[in-house]
Each structure stands twice: as structure tokens, then as C-alpha cells.
Amino acid sequence: MCRHAGFTPRITSHSDDMVVVQSLVAAGAGVATLPGLALQAHRRPDIHATELTGLHRQIYAATFGDPPDPTAVTAVLATLTGAITPAN
């Protein structure tokens with residue numbers, strides 16, 4: 001996203017805990033990009049979130065073993081594939 005906007009960010013911390021990331025932002029330690037689901041699960045009232053439009057992410061699914069996959073795996077892969085929104 002940053003490269004597309006023409007700059008390279010100075011990254012000073014990493015966390016996979018979305019509550020921690022929001023706390024760092026609320027403390028004024030910087031800005032962050034978060035998936036929308038993270039904000040639906042827990043959202044601090046003291047941060048401001050802006051949706052970034054026109055950006056797309058890739059989701060990969062890894063399975064173990066040779067096909068045929070178990071029924072549940074086949075169902076999840078079909079659901080993920082059906083949820084694909086074509087890029088503009």
C-alpha cells in the first residue's frame with residue numbers, strides 16, 4: 001500500500017495481536033493497517049478507522065495430503081472460491 005502511495009514506511013514494531021496494535025495507535029505510537037474483521041471483533045472507541053478502497057489482498061489455502069480432500073475441506077475451499085470478488 002505504501003509503495004503504491006509513493007513512500008516506504010519506517011516500521012518500528014510488529015504484533016499479530018490486533019488489540020495491541022490498536023492500543024499502540026491510541027497511544028500515539030503510529031498508524032496501522034488492520035483487516036476489517038479485526039475491527040469488528042474488537043474496536044477501541046478512541047481510534048479512528050478509515051477504509052482503504054481500491055486495495056486487494058490474496059488469501060491462500062493449504063491442504064495436506066493427496067486429493068480427494070475430506071468433505072469439510074472441500075466445502076471450505078468451495079466457500080472461499082465462491083467469495084472471490086474480481087479485482088477492478
Side-chain angles (χ1 to χ4, degrees):
M1 290 181 289
C2 297
R3 187 178 318 122
H4 181 71
F7 71 95
T8 301
R10 184 175 50 113
I11 299 171
T12 59
S13 62
H14 296 266
S15 178
D16 62 357
D17 186 323
M18 299 302 153
V19 175
V20 169
V21 173
Q22 290 182 59
S23 296
L24 289 168
V25 170
V31 298
T33 56
L34 299 172
L37 287 175
L39 294 175
Q40 288 178 14
H42 173 80
R43 179 151 180 192
R44 287 184 58 126
D46 54 348
I47 64 165
H48 174 77
T50 301
E51 182 177 357
L52 301 175
T53 59
L55 302 169
H56 305 281
R57 66 179 178 167
Q58 296 177 338
I59 298 174
Y60 297 89
T63 61
F64 179 77
D66 294 324
D69 290 317
T71 305
V73 173
T74 302
V76 168
L77 293 175
T79 300
L80 290 173
T81 301
I84 293 174
T85 303
N88 292 335

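The structure presented is a predicted model; accordingly, all values stated were derived computationally and were not measured. Side-chain atoms are counted along with the backbone in the values below, which use heavy atoms only and exclude waters and symmetry mates.
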Open item on the list: Heavy-atom count check: over 12 atoms from other residues, nucleotides or ligands less than 6.0 Å from H4 NE2?
Closed with: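 For H4, atom NE2 is not crowded (no more than 12 foreign heavy atoms under 6.0 Å).
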Open item on the list: Restricting to non-hydrogen atoms, name the atom on S15 and the atom on D17 that form the minimum distance, rounded to 0.1 Å.
Closed with: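 Closest approach of S15 to D17: OG-N, 3.0 Å.
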Task: Minimal non-hydrogen separation, R44 against I47, with atom names - done: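 Taking every non-hydrogen atom into account, O-CG1, 3.3 Å.
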Open item on the list: Quick check: do Q22 and D46 have side-chain heavy atoms less than 4.5 Å from each other?
Closed with: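 The answer is no, as the side chains (C-beta and beyond) never meet within the 4.5 Å cut-off.
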Side-chain donor/acceptor pairs under 3.5 Å, residues 24-34, sequence neighbours excluded:
none

Task: D16: partners by side chain to side chain contact (heavy atoms under 4.5 Å, CB included), with sequence neighbours left out - done: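 For D16, no residue satisfies side chain to side chain contact (heavy atoms under 4.5 Å, CB included) once neighbours in sequence are set aside.
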Task: ILVMFWY cluster membership beyond L77 - transitive side-chain contacts under 4.5 angstrom - done: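 Besides L77, the cluster holds V73.
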